[in-house]
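Notes follow once the structure below has been shown.
Numbering of residues begins at 1 and proceeds along the displayed sequence.
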Amino acid sequence: MSKKRGIETGIPVREVMSSQVIVAKEDDSGQDVAKLMKNQSIGSIIVVDKKENPIGIVTDRDIVTRIVAKNILPSKVKAKDIMSTPLSTIEPPIDIGEAAKIMSERRVRRLLVMDKGKMVGIITDRSIFAIMPKLIDIITEKAKIAGEIIREPPALAGYCDNCGQWSDSLAEIEGKFICEDCKAELETEK
């Protein structure tokens, strides 16, 4: 069993993950992958081999950096040529605090959820952010139980809703989680 590396929230990945994993075949064209992402309103597709085993992921960023920026015709490139590997995975019972830590360490925004060698879901940074208020309550309650005095809400790590950059110190302002730089910008605009 691996050492715990994130904040223990008591919420397993299985409760937050999306159980619908959209896949593309390794030989599907970049154009087919992009159309599927558009039609499903998602930012990534898991790429599977001929035996339906997950082998990589194509993200909207991969399409921009590996097709558009190189001026390659999307219909002429295959998913296996533009996908990111290795695929970052996690198991369903792992705490979402650990999932967030893994995402941060690996600099990824998505983890494929695998159970006994089978794809069972996907968890994204956005799915973790969606339950952030509940996480703050859990962390605050745990601190109270432990007898700690809380003067300020705990610092949160994640992607800034304003600039999209990773920050280890997000602040909630008007329902958005923003980094210190964006917070300073907002304060100077007032």
What's the separation between atom [atom1] in [X] and atom [atom2] in [Y], rounded to the nearest 0.5 Å?
X    : Y    : atom1 : atom2 : answer
I96  : M103 : CD1   : CE    : 9.5 Å
I82  : T59  : CD1   : OG1   : 9.0 Å
D115 : M17  : CG    : CE    : 8.0 Å
L186 : E174 : CG    : CD    : 7.5 Å
K35  : S29  : NZ    : OG    : 7.5 Å
L87  : I57  : CG    : CD1   : 6.5 Å

Is there a path of hydrophobic side-chain contacts, each under 4.5 Å between heavy atoms, that joins V108 and V64?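 Looking at the clustering, V64 is in a separate group from V108.
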
Is V48 reachable from I122 through a run of hydrophobic residues whose side-chain heavy atoms are each under 4.5 Å from the next?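 Hydrophobic grouping puts I122 with V48.
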
More than 12 foreign heavy atoms under 6.0 Å from NZ of K183: is that the case here?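 No, NZ of K183 has 12 or fewer neighbouring heavy atoms, counting only those of other groups under 6.0 Å.
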
Taking everything shown except E180 itself, do over 12 heavy atoms lie less than 6.0 Å from its CD?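 Count not over threshold, so no.
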
Would a 4.5 Å heavy-atom cut-off, applied to side chains only, mark [X] and [Y] as touching?
X    : Y    : result
L111 : I102 : yes
M114 : E91  : no
M83  : D62  : no
E185 : D181 : no
I46  : R110 : no
V16  : I11  : yes
V58  : V47  : yes
V113 : T89  : no

Run the salt bridge (charged side-chain N to carboxylate O under 4.0 Å, His left out) test on D81 and R66 for me, step by step, so that the C-alpha distance in whole Å, both residues' side-chain angles and the decisive distance to 0.1 Å come before the verdict. CA-CA 9 Å; D81 298 325; R66 296 181 180 152; over 6 Å; no

Is E26 salt-bridged to K78, cutoff N-O under 4.0 Å?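 Between K78 and E26 there is no salt bridge, as every charged N stays at least 4.0 Å from the carboxylate O atoms.
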
Determine the minimum heavy-atom distance between [X] and [Y], stating which atoms define it.
X    : Y    : answer
Q31  : S75  : OE1-CB, 3.2 Å
N162 : C182 : ND2-SG, 3.2 Å
L112 : G121 : CD1-O, 3.3 Å
A79  : V33  : CB-CG2, 3.9 Å
G158 : W166 : CA-CZ3, 3.2 Å
S169 : S167 : N-OG, 3.0 Å

Under the criterion side-chain contact (heavy atoms from CB on, under 4.5 Å), I'd like the reasoning laid out for T124 against S44: C-alpha separation, chi angles, the key distance, then a yes or no. CA-CA 10 Å; T124 67; S44 65; 5.9 Å; no

Output, in order, the C-alpha distance, side-chain angles, deciding distance and verdict of side-chain contact (heavy atoms from CB on, under 4.5 Å) for I123 and I128. CA-CA 8 Å; I123 185 166; I128 293 174; 4.0 Å; yes

Please walk me through it: do I22 and I42 pass side-chain contact (heavy atoms from CB on, under 4.5 Å)? CA-CA 9 Å; I22 307 298; I42 54 177; 3.6 Å; yes

What class does the angle between the rings of F177 and F129 fall in, given that below 30° is parallel, 30 to 60° is tilted and above 60° is perpendicular?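 Parallel, since the angle between the ring planes stays under 30°.
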
Taking [Y]'s backbone N and O only, do any of them form a donor-acceptor pair with [X]'s side chain (distance below 3.5 Å, no angle check)?
X   : Y   : result
N39 : L36 : no
D49 : N53 : yes
D95 : G10 : yes

Test side-chain contact (heavy atoms from CB on, under 4.5 Å) on R14 and V120 and set out the steps. CA-CA 9 Å; R14 79 169 58 83; V120 295; over 6 Å; no

